[in-house]
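In what follows, every chain begins at residue 1, and chains take the letters A, B, ... in the order their sequences are listed.
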2 protein chains.
Amino acid sequence: MPPFDMVRSMTGVGVDVHPCGTCPVRPLTVCAVLDDEEISRLADIVQTVRVDAQHTIFSEGDPATNVFNVTSGTAKLYKLLPDGRRQITGFLFGGDFMGLSVNERYAYTAETVSATTICRFARRKLDTLMDEFPKLQRRLFSLASTELAAAQDQMLLLGRKTAREKIASFLIMLSDRAARRGQRDNPVALPMGRADIADYLGLTTETVSRTFTQLKSSGVISLLENNRVDLIDRTAIHEIAEGV
Amino acid sequence: MPPFDMVRSMTGVGVDVHPCGTCPVRPLTVCAVLDDEEISRLADIVQTVRVDAQHTIFSEGDPATNVFNVTSGTAKLYKLLPDGRRQITGFLFGGDFMGLSVNERYAYTAETVSATTICRFARRKLDTLMDEFPKLQRRLFSLASTELAAAQDQMLLLGRKTAREKIASFLIMLSDRAARRGQRDNPVALPMGRADIADYLGLTTETVSRTFTQLKSSGVISLLENNRVDLIDRTAIHEIAEGV
DNA sequence: CGGCTGCGTTGATGTACATCAAGCTGGCGC
DNA sequence: GCGCCAGCTTGATGTACATCAACGCAGCCG
């Protein structure tokens, strides 16, 4: 797999889909805190690319030369064990950020789930821009803190919740995040397959499938076509998610 | 439980144990990037307190008025489900930071494991100091990124590793962190009880206990007095941890 | 149109870990 | 010293979820 920097030669990838000025998710992203003047400075160091579904954006262990912002579509981040066991550590939707790294290497692999558009920043250039605009730094810090809180919620889920509670939590999370992007929070779309859901929740595809049908049977959700889920009784789902 | 701000009235708590100038873990902490002049500014807004074992420092949901740095001893962070199930999201040792929060509320409860000394900063004051010293901001960002990477490792552990692999990973983690603090990395001390280990790894105390004896039987560790563990075959433990 | 393929669902069985239940041990107060 | 208690270990049993296996179904391509 070639590094993403060679993106022009990759299949399923297009460049410069839209400029920052018309960015649809600007208020959600790192860019929210910058005014038009500052955005134009950011625009100088950004490249917007379009990636087809199921393509690798970067791999665990690669030199972390870029950071990314998803503007539309869905991506996933995951880590692998040597024998192939996989843990998806997060799904990314429009407005989400990825690629922060500690030691100059990516700590996980990033892959698109559906067709996705992404802003790519050269890390070095972003660093200098952070020096220039402290509020950019502040914003990134704030985003990292939010992600950290989400990671802790996920630890609680993985370590202590049942399959039923995990699926319910997952649905609530997707619904909430859709709302934050200004989309309807019900029914909720599942752009990822059962295997991805399983690897995100620490389950198998079979258990994910069974649990969906079980929730359907108990009447709190309904499975619609196009992998969408109708949250019939949102309060009940919320209670299940919290283990009440 | 009273808020920690009322610490002077709490039992098992002492104030101003040592000043920043003689801080034993300064190179590990947020303070590492500041020179003596700047440290003295930081010292103005810090209070060093000593807390006995098994005391709550702050609780999930409390207003996040302070941030903390552990200078010695051990603390744990955890989240609870309504029915009492608990997930410990992290252990803190000398040099570790805690209390970052997104929405002005702590996202978890912090409790001491052993007797612990802690630096307490008023968040508001730290914020203004961050404006003044951008490298302080930068440092906190870097610490948050490191924590985020650790959180992702922990997700992999909780979601995909077996009990045996979890315990092995835990021992390696403790050993590595002891080394980073300049302590010997073997044998490794376990200041926390089996219940805490279980709630950190998503297991029960019984399984933790059985797994320790199983690792002992297979000859890769030895259980010493004072809750210390001798890592007899470190490479083997490392391989178990990575699921090889 | 028909076969192939990937994905989801459902069923039968297995198992790693939880749960329930004793003992064991060491520290501590009296 | 003795008894008590909390924490650790060990054993017997249970179960939630994994594994193994089959099947349905839609999309796709020849």
Side-chain angles (χ1 to χ4, degrees), chain A residues 52-54 76 81 83-87 113-114 157-171 189-218 221-229 240 243, chain B residues 52-54 74 76 81 83-88 111 113-115 157-171 189-218 221-229 240 243:
Chain A
D52 283 347
Q54 307 299 346
K76 64 189 175 200
L81 288 172
D83 65 358
R85 277 174 288 169
R86 187 176 69 146
Q87 179 66 40
V113 171
S114 56
L157 179 148
L158 290 170
R160 289 302 181 209
K161 288 188 182 179
T162 65
R164 191 179 159 85
E165 291 161 359
K166 285 175 176 180
I167 295 286
S169 304
F170 180 64
L171 291 173
L190 306 184
M192 68 293 290
R194 295 289 184 265
D196 283 347
I197 298 174
D199 282 347
Y200 180 62
L201 300 178
L203 299 170
T204 59
T205 60
E206 292 94 330
T207 300
V208 170
S209 189
R210 283 186 237 275
T211 308
F212 270 123
T213 56
Q214 187 213 323
L215 287 173
K216 187 175 71 174
S217 309
S218 46
I221 65 168
S222 171
L223 301 175
L224 311 177
E225 71 296 347
N226 284 105
N227 270 319
R228 289 172 314 128
V229 179
I240 294 169
Chain B
D52 283 346
Q54 307 299 347
T74 312
K76 63 190 174 199
L81 288 171
D83 66 356
R85 277 174 287 169
R86 187 177 69 146
Q87 179 65 41
I88 292 184
E111 217 174 288
V113 171
S114 57
L157 179 148
L158 290 170
R160 290 300 181 210
K161 289 188 181 177
T162 65
R164 191 178 158 85
E165 291 161 359
K166 285 175 175 181
I167 294 287
S169 304
F170 180 65
L171 292 173
L190 306 183
M192 69 292 291
R194 295 290 183 265
D196 282 347
I197 298 174
D199 282 347
Y200 181 63
L201 300 178
L203 300 169
T204 58
T205 60
E206 292 94 329
T207 300
V208 170
S209 189
R210 282 186 237 273
T211 308
F212 270 123
T213 56
Q214 187 212 322
L215 287 174
K216 187 176 72 175
S217 308
S218 46
I221 66 168
S222 171
L223 301 175
L224 311 176
E225 72 297 346
N226 284 105
N227 270 318
R228 290 173 314 127
V229 179
I240 294 169

Stepwise side chain to side chain contact (heavy atoms under 4.5 Å, CB included) check, B:Gln87 with B:Asp199: CA-CA 5 Å; B:Gln87 179 65 41; B:Asp199 282 347; over 6 Å; no
Over all atoms of both residues, closest heavy-atom pair of A:Gln54 and A:Val113: NE2-O, 3.6 Å
Hey, what are the protein-to-nucleotides 7-9 of chain D N/O distances that come in under 3.5 Å?
{"from": "D:dC8", "atom 1": "OP1", "to": "B:Arg194", "atom 2": "N", "distance (Å)": "3.4"}
{"from": "D:dC8", "atom 1": "OP2", "to": "B:Arg194", "atom 2": "N", "distance (Å)": "3.2"}
{"from": "D:dT9", "atom 1": "OP1", "to": "B:Arg194", "atom 2": "NH2", "distance (Å)": "3.2"}
{"from": "D:dT9", "atom 1": "OP2", "to": "B:Arg194", "atom 2": "NE", "distance (Å)": "2.7"}
{"from": "D:dT9", "atom 1": "OP2", "to": "B:Ser209", "atom 2": "OG", "distance (Å)": "2.6"}
{"from": "D:dT9", "atom 1": "O5'", "to": "B:Ser209", "atom 2": "OG", "distance (Å)": "2.9"}

With sequence neighbours excluded, residues passing salt bridge (Lys or Arg N to Asp or Glu O under 4.0 Å) with B:Arg228: B:Glu225
Leading and trailing nucleotides of DNA chain C with any atom under 4.0 Å from heavy atoms of chain A: C:dG8 to C:dA12
Test item: B:Leu224 and B:Val229 side chains (from C-beta on) under 4.5 Å apart, heavy atoms: no
Partner set under salt bridge (Lys or Arg N to Asp or Glu O under 4.0 Å) for B:Lys161, not counting sequence neighbours: none
Nearest atoms (heavy-atom pairs only) where B:Ile221 meets B:Phe212: CD1-O, 3.7 Å
Heavy-atom pair with the smallest gap, counting every atom of A:Thr205 and A:Ala195: CG2-CA, 3.4 Å
With B:Ser209 via side chain to side chain donor-acceptor pair (under 3.5 Å) - residues at least two apart: none
Rounded (10°) bend between the five-pair end axes of the helix from C:dC1-D:dG30 to C:dC30-D:dG1: 30°
Which atom of B:Ile88 lies closest to which atom of B:Lys76, heavy atoms considered: CD1-CD, 3.9 Å
Exercise: identify the closest heavy-atom pair between A:Ser169 and A:Leu157: CB-CD1, 3.6 Å
